[in-house]
Amino acid sequence: MPTAAGLASSASGMACITFALCTALGITESVDMSQLARLGSGSACRSIHGGLVQWEAGKEEDGSDSLAKQIYPASTWPELKFIVLVVDGEKKKVGSTEGMQRSMATSEYMLLRPKQCKDRIQEVCWAFQVSLSQRPGFYSF
């Protein structure tokens, strides 16, 4: 992935480094890798697991309980494919952190964002549940 182009290169890179280090140390089963990856890049916690993943904000002020949980494994939809077409791999003029800070300071819509995100997450989970329920042999969790 081109870095700083808006394709989550820092998240995927930090997830990769976290996975590689935990594997080399033999601790993949004893630690929550999403929690460790998040320390390097917030979005990296979502890149540890495959499939449908949800990043939970947590409640602790220090963010120690902010981690990602896998809702469905990637094997749930073996026919689902993604294609990423890099139209412009050049560095963004405004980085993600600065862009979010600007948005928080200048947009009244950012006050609505937490509720919108929560609603959309519920809708996405519902849609995946519905798609699964239409498959032969589906059993709800």
Side-chain angles (χ1 to χ4, degrees), residues 1-25 27-141:
M1 288 292 179
T3 59
L7 294 170
S9 59
S10 61
S12 59
M14 188 53 64
C16 180
I17 290 168
T18 301
F19 182 81
L21 288 173
C22 288
T23 300
L25 295 171
I27 59 172
T28 57
E29 301 297 321
S30 61
V31 298
D32 187 329
M33 288 190 284
S34 77
Q35 205 169 21
L36 291 175
R38 190 195 59 74
L39 296 173
S41 169
S43 295
C45 68
R46 297 179 298 199
S47 300
I48 291 290
H49 307 291
L52 182 62
V53 177
Q54 181 177 349
W55 182 5
E56 297 180 356
K59 296 184 181 357
E60 298 297 325
E61 193 171 317
D62 66 355
S64 61
D65 60 341
S66 175
L67 48 88
K69 299 275 185 182
Q70 185 182 60
I71 298 172
Y72 295 110
S75 60
T76 306
W77 293 275
E79 69 281 2
L80 182 63
K81 307 288 186 231
F82 290 93
I83 296 175
V84 176
L85 175 62
V86 179
V87 177
D88 184 355
E90 295 299 313
K91 185 176 180 177
K92 298 179 288 186
K93 291 181 174 96
V94 177
S96 300
T97 302
E98 182 183 345
M100 183 55 79
Q101 288 170 343
R102 283 185 191 181
S103 296
M104 294 295 289
T106 62
S107 174
E108 60 191 52
Y109 296 109
M110 292 307 286
L111 297 173
L112 304 172
R113 190 169 188 269
K115 180 167 180 355
Q116 285 177 332
C117 286
K118 184 177 180 181
D119 291 347
R120 287 185 182 149
I121 288 169
Q122 289 175 345
E123 290 170 3
V124 166
C125 290
W126 173 83
F128 274 85
Q129 182 77 14
V130 167
S131 82
L132 279 177
S133 68
Q134 296 173 357
R135 290 183 172 190
F138 169 75
Y139 299 99
S140 182
F141 294 87

Between A15 and A37, the two heavy atoms sitting closest are CA-CB, 4.3 Å

Is it the case that atom CE in M110 sees more than 12 heavy atoms from other parts of the structure closer than 6.0 Å? yes

Residues at least two apart in sequence or cross-chain that pass side chain to side chain donor-acceptor pair (under 3.5 Å) with Q54, listed by chain then number, are none

Between W55 and S43, does the side chain to side chain contact (heavy atoms under 4.5 Å, CB included) criterion hold? Intermediate values first, please. CA-CA 8 Å; W55 182 5; S43 295; 4.1 Å; yes

Donor-acceptor contact below 3.5 Å, side chain T76 vs main chain P73: yes

So, does S34 use its side chain to make a donor-acceptor pair with the main chain of C45 at under 3.5 Å? no

Has the side chain of Q70 got a donor or acceptor atom that lies under 3.5 Å from a matching backbone atom of L52? no

Which distance, rounded to the nearest 0.5 Å, do you find between the NE2 of H49 and the CD1 of I71? 10.5 Å

Can any side-chain N or O of D65 pair as donor or acceptor with the backbone N or O of G58 at less than 3.5 Å? no

Interatomic distance, S12 atom OG to R46 atom CZ [nearest 0.5 angstrom]: 11.5 Å

Please round to the nearest 0.5 Å and tell me the distance separating atom CD of Q129 and atom OH of Y72. 3.5 Å

Got R38 and S66 here, is their nearest side-chain heavy-atom distance under 4.5 Å? yes

Looking at S131 and F128, would you say the former's side chain and the latter's main chain have a donor-acceptor pair under 3.5 Å? yes

Check: I27 main-chain N/O paired with S30 side-chain donor or acceptor under 3.5 Å: yes

Rounded to the nearest 0.5 Å, what separates atom CG in L36 from atom CD1 in I48? 8.0 Å

Going by the rule side-chain contact (heavy atoms from CB on, under 4.5 Å), which residues pair with K118 if we only count those two or more places apart in sequence or in a different chain? Q122

How long is the straight-line distance from OG of S107 back to CE of M100, given to the nearest 0.5 Å? 10.0 Å

Start with the C-alpha distance between T28 and M33, add both sets of side-chain angles, then the distance that settles side chain to side chain contact (heavy atoms under 4.5 Å, CB included), and finish with yes or no. CA-CA 7 Å; T28 57; M33 288 190 284; 4.1 Å; yes

Nearest 0.5 angstrom please: C22 SG to E29 CD, how far? 10.5 Å

